[in-house]
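Note sheet for the following structure.
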Amino acid sequence: MERPHEVLLVALIATFAVIHLSRADDQEGFISLDCGLPPSEASPYIEPDTGLWFSSDSDFIQTGKIGKIDPSLPKTIKTYVTLRYFPDGIRNCYNLSVKQGTNYLMRFTALYGNYDGLNITPKFDVYVGPNFWVTIDLENKISGQSEEIIYIPRSNSLDLCLVKTGTTTPMITSVELRPLANDLYITESGLLKSFKRYYLTSSDTILSYPDDVKDRIWEPKFDPEWMQISTNLQANNSNDFLVPQNVLKTAAIPVNHTARFNISEELDFPDDQIYLYLHFSEVQSLPIGDSREFDIFWNGQQFDKTISPEYLKTTTIYSTTPVTCKGGVCNLELIRTTNSTLPPLLNAIELYTVVKFPQLETNENDVVAIQKIKARYGLNRITWQGDPCVPQKFLWDGLNCNSTDTSTPPMITYLNLSSNGLEGTIAAAIQNFTHLEKLDLSNNNLTGEVPEFLANMKSLILINLKKNNLIGFIPQALLDREKEGLQLFVDGEHRCFSGSCDVTEKKIPVKTVAFVSSATFMVIIVVLVLIFVFKKKKKSIKLGGNVTSTNISEISIEMKKKKYNYSEVMEMTKNLARPLGEGGFGVVYHGVINGSQQVAVKLLSQSSTQGYKEFKAEVRYRRNSVYVKPMRFMYAFIVLQVELLLRVHHINLVSLVGYCEERGHLALIYEYMSNGDLKHLLSGKHGSSVLKWSTRLQIAIDAALGLEYLHIGCRPPMVHRDVKSTNILLDEGFTAKLADFGLSRSFQLGGEFHVSTAVAGTPGYLDPESYRTGRLAELSDVYSFGIVLLEIITNQDVVDQTRKKSHIAEWTTFMLNRGDINGIMDPKLHGDYNSHSAWRALELAMLCANPSSENRPNMFQVVSELKECLTSEISMKGNSQDLDSQSFPKVSMSYDTQDFPSAR
Ligand SMILES: *[C@@H]1O[C@H](CO)[C@@H](O)[C@H](O)[C@H]1NC(C)=O
Ligand SMILES: *[C@@H]1O[C@H](CO)[C@@H](O)[C@H](O)[C@H]1NC(C)=O
Ligand SMILES: *[C@@H]1O[C@H](CO)[C@@H](O)[C@H](O)[C@H]1NC(C)=O
Ligand SMILES: *[C@@H]1O[C@H](CO)[C@@H](O)[C@H](O)[C@H]1NC(C)=O
Ligand SMILES: *[C@@H]1O[C@H](CO)[C@@H](O)[C@H](O)[C@H]1NC(C)=O
Ligand SMILES: *[C@@H]1O[C@H](CO)[C@@H](O)[C@H](O)[C@H]1NC(C)=O
Ligand SMILES: *[C@@H]1O[C@H](CO)[C@@H](O)[C@H](O)[C@H]1NC(C)=O
Ligand SMILES: *[C@@H]1O[C@H](CO)[C@@H](O)[C@H](O)[C@H]1NC(C)=O
């Protein structure tokens, strides 16, 4: 029994849908906004008179207030109920989504309707993008003012701006956009603004949609000197202009059949240039022998063609060049030819004036970028509407542009977002400002690292990032730019550069946590394992708020660039032909990439996934020890670590060239250090020649520079935690580089969790005070460096149970106290050193290895002291022959051997 009902219902719905569809098709591309209509209130709705779909304007504007037209006004005026008015700001703009390059008829309507009860009609200006369009003055316009323009947007968004020019409040009732054919209503320059559009009829019907599929508004117009002729038949209106049938059904002819048919129009602005469009269609079937033929004169100039309109078929005649009308009065005359039997006829006229839009909009890339930045940081400044740069009087707060030349698109040259409470990372969109000269992001809450792309922005001459919560290094490339003259302002602690750091300015944050470098491998394994795991699961892990402010996808792009296939690894190592050594996590092989670059490939065996478990055990997290969470931590942690490893570039740090993870094959590719490690070189085994004293000093300086880079200028500073002679590697030019650095970074998850590891360093190099965390962790590195320096000077083993004093520092102290300075120096040097420089080095080493951390220098001081040693060594080299132990200064140091811990 229910079936027929259902069928009926379905049929009904189907019919309904068809009706809707056809309407929608008809109005394709139309934008019809009923301003001030609350979005919830039946938006969109069909306007009953026209069938046009209107919707609320609320999606296209963030500002303004909603007003309601005085309900006591006569009904004829209340075509609209609501409006939007703008009590705040000077310029308020709609951001309309349009199709770039489409020819639009755009209509702006304002109907005051005493919405505010003040009875003061507003007067204000309307701009399209950066260009003035029209002044709206509603005085004495009880039924409002409507303005039309034909405009081709240059991008997919169009700014329609209301600009306050006096004391009254700008307001708007509706905005309508109608796409037109692109080859119609063309002007040589500027744009066309509707001046008059009427059809010649004695009726009083205004025609628009749906009579006019393009929703042009045709006013009726008639004159006593005219006579109306008409037809009931449909005309062929299929020329491009698609003039409505009802316009073509009536026409006017002069009452005096022999007289001229003339029409004059007085312009609002006498100097306006004007374009004319005339539409003709013969409405009478002419008897044989009759003819209607006439010439058209426009301001006295004859159109080249004699017209004889066809029966029921549109002919449109229009001007292709603009004219100005003498005294601002334009004259049209239709004059019948001598052999025409009938007077001239005319159906409709359109007149357009030319408006100049001289100001080009701001460069589109810049606009997109600044919009991204606006959205990204949720900037809601009242001036940040419409075109960012122009007109200059409405330039957005905090911007500057080069906009002196209106014929080229202005570009943003200065971006000042200082003290705007910005949060998150430095927006990548900034790199799209190709002419940005000054960037000020100071005094915000920005987090994450200083992005490398800033260095690639060639136009930049000043960057201010002070007073933010940025972490990590300043990219080397940016520092290089600084050397070329870029003014770079960053908080002291962000500076990571060697040699010239102002240490006194340095603030070391409390939250530094040290990681022991032997965890490096583990971490990297975990990285790779996790990448592997996550790839398999195809799940994205969402990191809470400020887990990491660095964009993970950016990192993965960076990581992808450095990623190698297993087959590539096999190729670069010639199928693992040349092992270089073996470490705890796998074997290291020699390899070659890009034809000539030598690399060291650490291949991790399957069983090395053990490291993952170990690592997991090392991760400690406070407060909330829910077991599910470590994965999340580690992912965040790992992202930070890998990012760091791939980004840190310093001449005295061994760099990661790439990595491989493929079906359980894990490999890390490092730069190749052909001269092995320092310990090996000092040992003189494998036939390597004895290192000269000056070379040793240079190696010490290099290593110290690497360490200084880690300690000074980065927030949080990095602590190596495993400085030792086997971690100092030498390349073919004997440049020393620190290896296994860089995992000494802490990170905090949403302020709740603190991740750290506690893996022991290497016996003999361990600071007796052994600060693992806090600002003193760096001084533990200084201690280890002191031990390395002692190795360089003495060439003794760090721990040797066969010696009287097993620990190298104890032994040195013991020798010093005995006054046996010659016995301290490496006998392999055969006295070939300047004793002054040797003494200074020894003194420095002992200072670094001081059991009490407060007596130790920082790495900045170590570097400068070592540099002085080397200078004195070189300058006094000539005198070295006469020197013997006597030239050592008096031994004044005394060490309490009790203080030295026994090696662990
Ligand atoms: C303007 O509209 C375009 C297109 O809808 C959009 O991409 C852009 O973000 C908008 N701009 C603003 C300031 O809302
Ligand atoms: C209308 O005129 C055009 C040419 O102007 C012609 O191609 C078309 O066939 C005509 N349509 C009808 C219905 O006669
Ligand atoms: C009609 O116009 C012609 C030419 O302008 C003029 O000579 C004639 O007097 C006019 N006729 C009337 C009745 O006005
Ligand atoms: C047409 O022109 C004549 C003289 O040129 C003038 O007297 C008359 O008023 C004009 N008519 C219209 C409708 O402009
Ligand atoms: C009108 O006369 C001219 C010559 O005087 C002729 O060339 C033209 O074809 C004629 N027009 C019509 C419609 O007969
Ligand atoms: C802005 O500067 C750039 C580069 O100097 C130039 O290409 C562009 O034309 C300038 N624009 C204006 C409006 O001056
Ligand atoms: C940073 O954020 C904190 C709280 O989130 C706020 O108190 C502080 O004022 C902000 N600092 C700046 C410079 O905006
Ligand atoms: C920069 O502009 C290019 C081209 O317009 C665009 O593809 C890219 O996404 C933009 N980059 C950013 C970070 O906005």
Side-chain angles (χ1 to χ4, degrees), residues 100 154-157 181 183-184 213 223-227 231 233-245 247-249 252-263 279-283 285 294-295 297 305 307-318 331 333-338 340-344 347 361-377 379 388 409 411-412 415 417 424-436 439 441 448-460 549-558:
Q100 179 178 10
R154 288 197 193 83
S155 73
N156 287 327
S157 70
D183 50 355
L184 300 188
V213 292
D223 191 287
E225 290 177 39
W226 304 343
M227 194 176 98
T231 177
L233 299 175
Q234 297 269 318
N236 181 346
N237 69 347
S238 69
N239 80 359
D240 295 335
F241 288 88
L242 297 170
V243 177
Q245 286 294 340
V247 167
L248 299 176
K249 277 181 180 162
I253 54 172
V255 173
N256 180 347
H257 282 18
T258 55
R260 303 173 160 201
F261 189 156
N262 57 352
I263 294 177
H279 304 286
F280 303 100
S281 172
E282 180 60 80
V283 294
S285 173
F294 49 91
D295 292 311
F297 289 84
K305 220 160 105 191
I307 296 291
S308 180
E310 284 181 61
Y311 184 48
L312 300 180
K313 184 158 181 175
T314 331
T315 305
T316 299
I317 301 292
Y318 55 92
N331 236 307
E333 288 173 306
L334 306 179
I335 302 173
R336 60 192 278 182
T337 57
T338 46
S340 173
T341 62
L342 295 169
N347 302 70
E361 284 142 37
T362 299
N363 177 286
E364 201 186 336
N365 278 337
D366 281 17
V367 173
V368 169
I370 195 79
Q371 294 290 12
K372 276 188 187 164
I373 288 164
K374 180 182 169 189
R376 164 72 181 277
Y377 295 123
L379 292 164
M411 304 192 86
I412 294 171
L415 176 60
L417 294 177
T425 51
I426 295 177
I430 288 174
Q431 66 191 294
N432 272 9
F433 294 124
T434 53
H435 287 80
L436 192 67
L439 175 65
L441 300 174
E449 302 203 342
V450 177
E452 179 116 28
F453 67 70
L454 291 175
N456 302 329
M457 296 176 64
K458 296 285 172 265
S459 54
L460 275 177
S549 40
T550 318
N551 185 335
I552 288 173
S553 67
E554 274 173 35
I555 297 162
S556 34
I557 290 167
E558 184 83 0

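Numbering of ligands and ligand atoms starts at 1, following listing order. None of these values were measured; they are calculated from a predicted model. Throughout, numbering of the chain's residues begins at 1 and tracks the sequence.
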Give me the pairs of N or O atoms, one from ligand 3 and one from the protein, that sit under 3.5 Å apart.
unit_1   : atom_1 : unit_2 : atom_2 : d
ligand 3 : 2 (O)  : N256   : OD1    : 3.4
ligand 3 : 2 (O)  : N256   : ND2    : 2.3
ligand 3 : 2 (O)  : T258   : OG1    : 3.4
ligand 3 : 11 (N) : N256   : ND2    : 2.8
ligand 3 : 14 (O) : N256   : ND2    : 3.4

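Side chain of N347 to backbone of S281: a donor-acceptor contact under 3.5 angstrom is found. Between the side chain of H257 and the backbone N or O of V255 there is at least one donor-acceptor pair closer than 3.5 Å. Judged by distance alone, the side chain of R260 and the main-chain N or O of P254 form no donor-acceptor pair under 3.5 Å.
Put simply, no part of A369 is less than 4.0 Å from ligand 8, judged by heavy atoms.
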I307 vs L334, side-chain contact (heavy atoms from CB on, under 4.5 Å): CA-CA, chis, key distance, verdict: CA-CA 9 Å; I307 296 291; L334 306 179; over 6 Å; no
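Partners of F241 under the ring-ring contact (aromatic ring centres under 6.0 Å, His included) rule, at least two apart in sequence or in another chain, are Y185, Y277, H279, Y318. Listed by chain and residue number, nothing satisfies the side-chain hydrogen bond (donor to acceptor under 3.5 Å, both in side chains) test with N432 (two or more places apart in sequence, or in another chain). For F294, the ring-ring contact (aromatic ring centres under 6.0 Å, His included) partners are F280, not counting sequence neighbours.
Neither the backbone nor the side chain of V368 has any atom closer than 4.0 Å to an atom of ligand 8 (non-hydrogen atoms only).
Contact detail for F453 and Q431: the closest heavy-atom pair is CD1-CB, 3.5 Å.
Below 3.5 Å of separation, one finds an N or O of N365 facing an N or O of ligand 8.
Using a 4.0 Å cut-off to heavy atoms of S238, the atoms of ligand 2 that qualify are 1 (C), 2 (O), 3 (C). Interface atoms of ligand 8 facing A429, defined by a heavy-atom separation under 4.0 Å, are 13 (C), 14 (O).
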